[in-house]
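The chains referred to below are lettered A, B, ... by the order of the sequence lines, with proteins before strands, and numbering in each begins at 1.
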Protein chains: 2
Amino acid sequence: MKANVYDPDCPARTMLDRIGDKWTVLVVLMLLDGPRRFNDLRAHVGKVAPKVLTETLRRLERDGVLTRTAFAEIPPRVVYELTPLGRSLEEPIRSIAAWAEQNIETITAARGAYDGRASAPRTSPGVASSERG
Amino acid sequence: MKANVYDPDCPARTMLDRIGDKWTVLVVLMLLDGPRRFNDLRAHVGKVAPKVLTETLRRLERDGVLTRTAFAEIPPRVVYELTPLGRSLEEPIRSIAAWAEQNIETITAARGAYDGRASAPRTSPGVASSERG
DNA sequence: CGGAATCCTAAGAGATACTG
DNA sequence: CAGTATCTCTTAGGATTCCG
């Protein structure tokens with residue numbers, strides 16, 4: 001059976017969707033620097049509600065991307081750490097992050113140009129996007 | 001000014017969010033094989049409502065990732081094509097897609113194991129995730 | 001400290017029908 | 001053909017409060 005990301009039910013596609021989660025990439029990115037505790041992640045990842053962070057972590061744990069280790073102490077201590085599978089995400093994820101960082105200016109400029117033009121794309125006289133014919 | 005994906009207002013972060021869109025990666029992946037027309041994309045990308053596909057394409061056009069070229073003909077013909085910026089996404093995106101495809105089995109197995117265990121992660125006797133102390 | 005339980009909404013996503 | 005116009009709906013995401 002060949003993997004096919006265009007098939008909504010293909011596992012590869014579901015993983016692609018996972019990466020699309022708002023916090024997944026950020027969490028993995030952080031964990032690449034080493035194991036982190038819950039509130040540690042919370043603080044660095046930005047403004048994320050505990051519920052949301054928990055959900056994200058659970059999903060990634062379920063997918064085998066990271067492990068959750070709870071120490072039976074008071075106060076509690078829970079450490080999240082990437083598995084080998086999770087670490088194998090390093091290259092793809094850093095690649096995306098690097099791309100985003102490297103192309104900020106180009107993208108910002110493009111947005112400015114787009115927003116500052118004759119607005120909506122119409123085939124009519126306006127010649128919005130680009131016209132040929 | 002240093003790019004910082006952890007900052008919600010950083011342009012790099014906004015682009016990361018864009019990649020998180022449900023259809024963005026799929027659309028770019030298709031356009032890497034060459035220019036496509038609207039319904040062409042619709043058919044291959046899977047079950048996507050025209051409204052949604054339009055929104056996705058508009059966002060990517062605004063970001064300078066692709067161009068929209070409308071030919072003033074009857075019937076209309078509109079071609080979408082990656083810009084150099086869009087093409088520069090090839091490596092990162094293929095990297096992610098390849099990762100997803102290559103690790104299907106590992107992930108599927110991990111999910112099975114997770115779902116089949118003593119369920120919820122509790123610090124209590126259950127020893128859900130993993131316990132130390 | 002690390003969540004779980006609740007409640008809420010904003011927006012992406014989808015289905016349908018219609019038009020230049 | 002390539003959209004636009006509506007309307008509905010699901011759900012990721014978020015704010016808050018409480019608990020072991």
Side-chain angles (χ1 to χ4, degrees), chain A residues 8 13-14 17-27 35-43 45-61 66-80 119-133, chain B residues 8 13-14 17-27 35-61 66 68-81 119-126 128-133:
Chain A
R13 167 66 170 280
T14 71
D17 290 342
R18 184 97 326 136
I19 290 174
D21 288 353
K22 187 166 184 176
W23 304 106
T24 295
V25 170
L26 263 17
V27 166
R36 300 280 176 173
R37 297 177 60 177
F38 190 84
N39 281 329
D40 203 5
L41 288 168
R42 260 193 92 184
V45 142
K47 279 195 165 300
V48 57
K51 193 201 76 169
V52 174
L53 182 55
T54 298
E55 290 169 347
T56 302
L57 290 169
R58 289 278 190 284
R59 278 193 292 256
L60 291 175
E61 187 191 359
L66 55 77
T67 60
R68 173 183 181 277
T69 307
F71 295 83
E73 309 169 351
I74 306 285
R77 183 161 54 102
V78 178
V79 174
Y80 294 91
S119 69
R122 275 279 145 60
T123 303
S124 338
V127 185
S129 295
S130 57
E131 306 284 320
R132 297 183 199 167
Chain B
R13 167 68 169 279
T14 70
D17 291 342
R18 183 96 327 137
I19 290 173
D21 288 353
K22 187 166 185 178
W23 304 105
T24 296
V25 170
L26 264 16
V27 165
R36 300 277 176 176
R37 298 175 60 176
F38 190 83
N39 281 329
D40 203 5
L41 288 169
R42 259 193 93 184
H44 282 78
V45 140
K47 280 195 163 300
V48 56
K51 191 201 77 173
V52 174
L53 183 55
T54 297
E55 288 168 350
T56 302
L57 290 168
R58 288 280 189 284
R59 277 192 293 255
L60 292 174
E61 186 190 0
L66 55 78
R68 174 184 182 277
T69 306
F71 296 83
E73 310 167 350
I74 305 286
R77 182 162 55 103
V78 178
V79 174
Y80 293 91
E81 186 168 13
S119 69
R122 274 279 145 61
T123 304
S124 339
S129 294
S130 57
E131 306 284 320
R132 294 183 200 168

Inset, instruction - Examine D:dG3: is either OP1 or OP2 under 4.0 Å from a nitrogen or oxygen in the side chain of B:R68? Give yes or no. - result: yes
Legend entry - Side chain to side chain, B:W23 and B:L53, heavy atoms closer than 4.5 Å: no
Legend entry - Nearest heavy-atom neighbours spanning B:R42 and B:P50: NH2-CD, 3.6 Å
Inset, instruction - Could you state the atom-to-atom distance from CG of B:L26 to P of C:dA13 in whole Å? - result: 12 Å
Inset, instruction - Return the value, rounded to whole Å, for the distance between atom CZ of B:F38 and atom P of C:dG20. - result: 18 Å
Inset, instruction - Write down the distance between CG (B:D17) and P (D:dG13), rounded to a whole number of angstrom. - result: 10 Å
Legend entry - Gap between atom CD of B:E81 and atom CZ of B:R68 - 0.5 Å precision: 14.0 Å
Inset, instruction - Starting from P on D:dG3, measure out to CG on B:L41 and report it in whole angstrom. - result: 10 Å
Inset, instruction - Determine: side-chain N/O of B:Y80 to OP1/OP2 of D:dG3, distance under 4.0 Å, yes or no. - result: yes
Legend entry - C:dC1 phosphate, OP1 or OP2, under 4.0 Å from A:N39 side-chain N/O: no
Inset, instruction - Rounded to the nearest angstrom, tell me the gap between atom CD1 in B:I74 and atom C1' in D:dA2. - result: 11 Å
Legend entry - Spacing between A:E55 atom CD and C:dT6 atom C1', to the nearest angstrom: 13 Å
Legend entry - Phosphate OP1/OP2 of C:dA4 contacted by A:R58 side-chain N/O (<4.0 Å): yes
Inset, instruction - Nearest-nucleotide wise, let me know which of A:P75 and A:T54 is further upstream toward the 5' end of DNA chain C. - result: A:P75
Inset, instruction - With rounding to the nearest 0.5 Å, note down the distance linking CZ in A:R37 to CG in A:N39. - result: 8.0 Å
Inset, instruction - Determine the minimum heavy-atom distance between A:L60 and A:T24, stating which atoms define it. - result: CD2-CG2, 3.8 Å
At a cut-off of 3.5 Å, list every protein nitrogen or oxygen paired with a nitrogen or oxygen from nucleotides 14-16 of chain C, distance to 0.1 Å.
| unit_1 | atom_1 | unit_2 | atom_2 | d |
| --- | --- | --- | --- | --- |
| C:dG14 | OP1 | B:K22 | NZ | 3.1 |
| C:dG14 | OP2 | B:W23 | NE1 | 3.1 |
| C:dG14 | O6 | B:K51 | NZ | 2.4 |

Inset, instruction - Write down the distance between CG (A:L57) and P (C:dG3), rounded to a whole number of angstrom. - result: 8 Å
Legend entry - Among A:T69, A:T67, A:D40, A:L66, the one residue meeting side-chain contact (heavy atoms from CB on, under 4.5 Å) with A:Y80: A:L66
Legend entry - Residue pairs passing the salt bridge (Lys or Arg N to Asp or Glu O under 4.0 Å) test where at least one lies in residues 18-27 of chain B, sequence neighbours excluded: B:R18-B:D21, B:R18-B:D63, B:D21-B:R59
Inset, instruction - For B:D40 and D:dA2, give me the distance from atom CG to atom P, rounded to whole Å. - result: 8 Å
Legend entry - From CA spacing to verdict: side chain to side chain contact (heavy atoms under 4.5 Å, CB included), B:L41, B:L57: CA-CA 10 Å; B:L41 288 169; B:L57 290 168; 4.0 Å; yes
Inset, instruction - Grab the two heavy atoms, one from A:V79 and one from A:P35, that are nearest each other, plus how far apart they are. - result: CG1-CB, 3.6 Å
Legend entry - Side-chain N,O (B:R37) to OP1/OP2 (D:dA2) below 4.0 Å: yes
Legend entry - Bend angle of the helix from C:dC1-D:dG20 to C:dG20-D:dC1, end axes from five pairs each (to 10°): 60°
